[in-house]
Amino acid sequence: MIRLRNVTVAYGDRVILDNINLDIHQGETLAILGASGSGKSTILRLIIGLQKPTKGQVFFHDEDITTFDEEQLTAVRRHMGMVFQYSALFDSMTVGENVAFGLRQHTKDDEATIQRIVEEKLHLVGLEGIEDMMPNDLSGGMKKRVSLARAIALDPQVILYDEPTAGLDPLRCMDINRLVVSMQKQIHATSVIVTHDMDSAFYVADRLAYLQDGRFRLIADKKTFAHTDDEEVQRFIHGGRLPEERGDSL
Ligand SMILES: Nc1ncnc2c1ncn2[C@@H]1O[C@H](COP(=O)(O)OP(=O)(O)OP(=O)(O)O)[C@@H](O)[C@H]1O
């Protein structure tokens with residue numbers, strides 16, 4: 001469904017992604033892992049067409065979107081919902097207006113239809129009756145949920161999550177993890193999730209990809225990934241601990 005082919009992203013001499021290939025299959029949830037600054041968010045920006053690669057191609061349904069103009073990209077983005085790091089809600093708009101934003105931009109739906117969809121999407125993320133609240137009055141977890149409701153307002157084929165659990169306590173993280181899984185079940189979206197959070201990655205993903213030094217060091221299904229004999233990947237999975245440090249420490 002989404003394919004990156006021989007993609008390089010460089011800023012001057014600094015190569016961030018070095019001739020990478022990636023296939024994302026319809027209906028799957030793929031987690032992209034890697035150290036800070038390894039280029040994970042860049043991959044999301046390439047997929048949604050917010051950034052063009054220095055070299056290579058990005059396909060969505062067999063169309064190379066790197067050749068698209070802004071109007072064509074807007075049409076592609078209609079099928080993609082993005083949950084940005086730190087929610088990125090519009091602070092001056094109510095929750096309802098935030099969720100309705102894409103509907104107003106991309107559809108000619110009447111006000112009653114928009115209100116019905118806003119209500120339905122807020123219900124899907126476990127929030128009801130908060131349409132008139134302002135983002136600044138919400139907790140971090142609620143903001144993420146509203147951000148997700150906004151991302152799914154147009155029934156996207158693809159949902160891109162940039163660090164959806166960052167900054168949340170463990171209970172709120174688990175709420176978001178469950179939501180990510182339930183989104184996939186309920187709207188059959190293809191999901192790509194960029195995260196540092198190993199628990200979250202293993203909970204939500206079908207496959208995991210580990211990015212290092214501009215390349216994918218490992219792309220594998222969850223079980224294979226968890227049991228890889230690649231010591232570097234194992235160290236990342238175990239929060240940097242060496243094998244001798246991995247016993248029960250509590
Ligand atoms: N406009 C730019 N000019 C120069 N360097 C940039 C630019 N945008 C991003 N970078 C660099 O590209 C690298 C990859 O950025 P990206 O945001 O994709 O990383 P990331 O893996 O998502 O990091 P994090 O986990 O910290 O969010 C970073 O080192 C960043 O400094």
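Note that the structure is a prediction, hence the values are computed from the model and not measured. Both ligands and their constituent atoms are indexed starting at 1 by order of listing.
Side chain of Arg77 to backbone of Ile48: a donor-acceptor contact under 3.5 angstrom is found. Looking only at distances, no side-chain donor or acceptor of Arg217 sits under 3.5 Å from a matching main-chain atom of Val233.
Nearest protein heavy-atom contact of atom 8 (N) of ligand 1 is Tyr11 OH, 3.2 Å. Protein heavy atom nearest atom 31 (O) of ligand 1, with residue, atom name and distance: Arg14 NH1, 3.8 Å.
Of the options Ala10, Ser38, Ala35, Gly37, the smallest heavy-atom separation from atom 24 (P) of ligand 1 is shown by Gly37. Across Ser41, Gly39, Gly214, Gly34, heavy-atom proximity to atom 22 (O) of ligand 1 is greatest for Ser41.
For the pair Arg5 and Asp23, the salt-bridge criterion is met [side-chain N within less than 4.0 Å of a carboxylate O]. The pair Arg116-Glu119 fails the salt-bridge criterion, with no side-chain N (NZ, NE, NH1 or NH2) lying under 4.0 Å from an Asp/Glu carboxylate O. Under 4.0 Å is where a charged nitrogen must lie from a carboxylate oxygen, and between Arg104 and Glu111 at least one such pair does.
Across Arg78, His61, Gln26, a single residue satisfies side-chain hydrogen bond (donor to acceptor under 3.5 Å, both in side chains) together with Gln157, and that is His61.
Distances below 4.0 Å separate heavy atoms of Thr42 from the following atoms of ligand 1: 14 (C), 15 (O), 16 (P), 18 (O). If you number the atoms of ligand 1 from 1 as listed, the ones under 4.0 Å from a heavy atom of His196 come out as 25 (O).
Every heavy atom of Gly12 sits 4.0 Å or more from the atoms of ligand 1.
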